[in-house]
Amino acid sequence: GRTATAKGSVYVLSLVKEDANTSIPEVPRIEQPAAVTTSTRPVIDWSDDRHAPQYEIWLRNDSTGVVLLNSVTVPESFYTPTQDLGIGKYSVWVRARNEKGYSAWSTRKGFAINAAVEYVGVPNGIGGRPTANWSAVPGATRYDIWIRNLSQPNKAAVQARTADATPSFTPAIDLTHGNYRIFARGIAADGTPGEWSQGFDFQVGITTVVTQVANQLSFHPTIRWQSVNGAAKYEIWVSEAQTPRVQEFGATTDSNLTSYTLSTDLPAGKYTVWIRALTVEGKAGAWSAGVAFAVADVPVLFDSKKVFP
């Protein structure tokens, strides 16, 4: 091309060299993503050709067989998905183009996405079959579940695979009382697994805590305790301090209220009380620590160190 510049009454013409594309671009080399990535929007990057103003990309989800990008034109030598890609295996090809034509398609670049479940939640409770819920993973058609009792960390208490993509699981068997840790991972349509989630701890058969025994100078004191998730009612056990295995008074509450006033008079003396939660089905949680108290006598200072006999 030519340009003209005015200098007074004199015009100076200068030639500007244009670098015309005289040949078809070279075949791109796909460099990224890595063979395995946790990113659901991985950057696909390839070699740049200064003679290629545009590129075409072809992307397929090998786990489902769905073509996600069919010769889509992009102006740069990279592409970032605009939507999350699911876990699974992928194939991508790229070719360059200019006014002279297209390069050949690049060598296939295969990669896998193994994104992890980000959150798992299980409520502490007294029931042996708590329901776990977790954050869904794009591309997951099923999930693997691993639950272990922390007292036996190398042994699975529950190992299962869900039937579908619903991010929820309830054990088919009762878990015994104890402390547990659960892990979950997504499974793609072709069986490609995602990463395991971090462990989430929960308790089964959780106990309550007796917080107060009031009105100790009367013959029917009031007992108060902490609520337990999943409790429909509570069982109360009172024994004389010297004979903890002999029940002096027992009762089951009619609701999940967390206080109870003894309905019958107790003889004057010293006692210990224990509380445990019950589910609607009558399944029991662990007994609380025992709390000493007195009836019609000098009140006993709060003490919650006694285990259930």
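The figures that follow rest on heavy atoms only: side chains count, while hydrogens, waters and symmetry mates do not.
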Note to self: Treating T252 as the side-chain partner and E235 as the backbone partner, does any N or O pair qualify as donor plus acceptor under 3.5 Å?
What the structure shows: no

Checklist line | Short side-chain donor-acceptor distance under 3.5 Å, T207 and S288 | finding: no

Checklist line | Closest non-hydrogen atom pair between K89 and S63, with its separation | finding: N-OG, 2.8 Å

Notebook entry, point to check: Can you tell if the side chain of I87 reaches within under 4.5 Å of the side chain of T192, non-hydrogen atoms only?
Noted result: no

Note to self: Working to the nearest 0.5 angstrom, can you tell me the gap between N70 CG and E56 CD?
What the structure shows: 9.0 Å

Item checked: Side chain to side chain, T37 and Q32, heavy atoms closer than 4.5 Å -> no

Notebook entry, point to check: Is there a donor-acceptor pair closer than 3.5 Å between any side-chain N or O of S197 and the backbone N or O of A184?
Noted result: yes

Note to self: Between D48 and Y55, is there a side-chain donor-acceptor contact under 3.5 Å, judged purely by atom types and distance?
What the structure shows: yes

Item checked: Y143 side chain near S168 side chain, heavy-atom distance below 4.5 Å -> no

Margin query: When you compare the side chain of D49 with that of P28, does any pair of heavy atoms fall below 4.5 Å?
Written below: no

Margin query: V213 and side-chain contact (heavy atoms from CB on, under 4.5 Å): which single residue from V238, T272, V291, T222 fits?
Written below: V291

Next item on the list: Check the angle between the aromatic planes of F202 and Y180 and answer parallel, tilted or perpendicular using the 30° and 60° thresholds.
Entry: parallel

Checklist line | Polar side-chain atom of N215 near backbone of S218 as donor-acceptor pair, under 3.5 Å | finding: no

Note to self: Please report the interatomic distance CD(E99) to NE2(H51), rounded to the nearest 0.5 Å.
What the structure shows: 10.5 Å

Next item on the list: Flag the pair K155 / N149 as yes when at least one side-chain heavy-atom distance between them is below 4.5 Å, and no otherwise.
Entry: no

Margin query: Any donor-acceptor pair under 3.5 Å linking the side-chain atoms of Y90 with those of D62?
Written below: no

Next item on the list: Over 60° means perpendicular and under 30° means parallel, so classify the ring planes of F293 and Y271, tilted if in between.
Entry: parallel

Check: What heavy-atom pair brings W237 and Q247 nearest, and what distance separates the two atoms?
Finding: CE3-NE2, 3.1 Å

Checklist line | Salt-bridge criterion met for D84 and R41 (N-O under 4.0 Å) | finding: yes

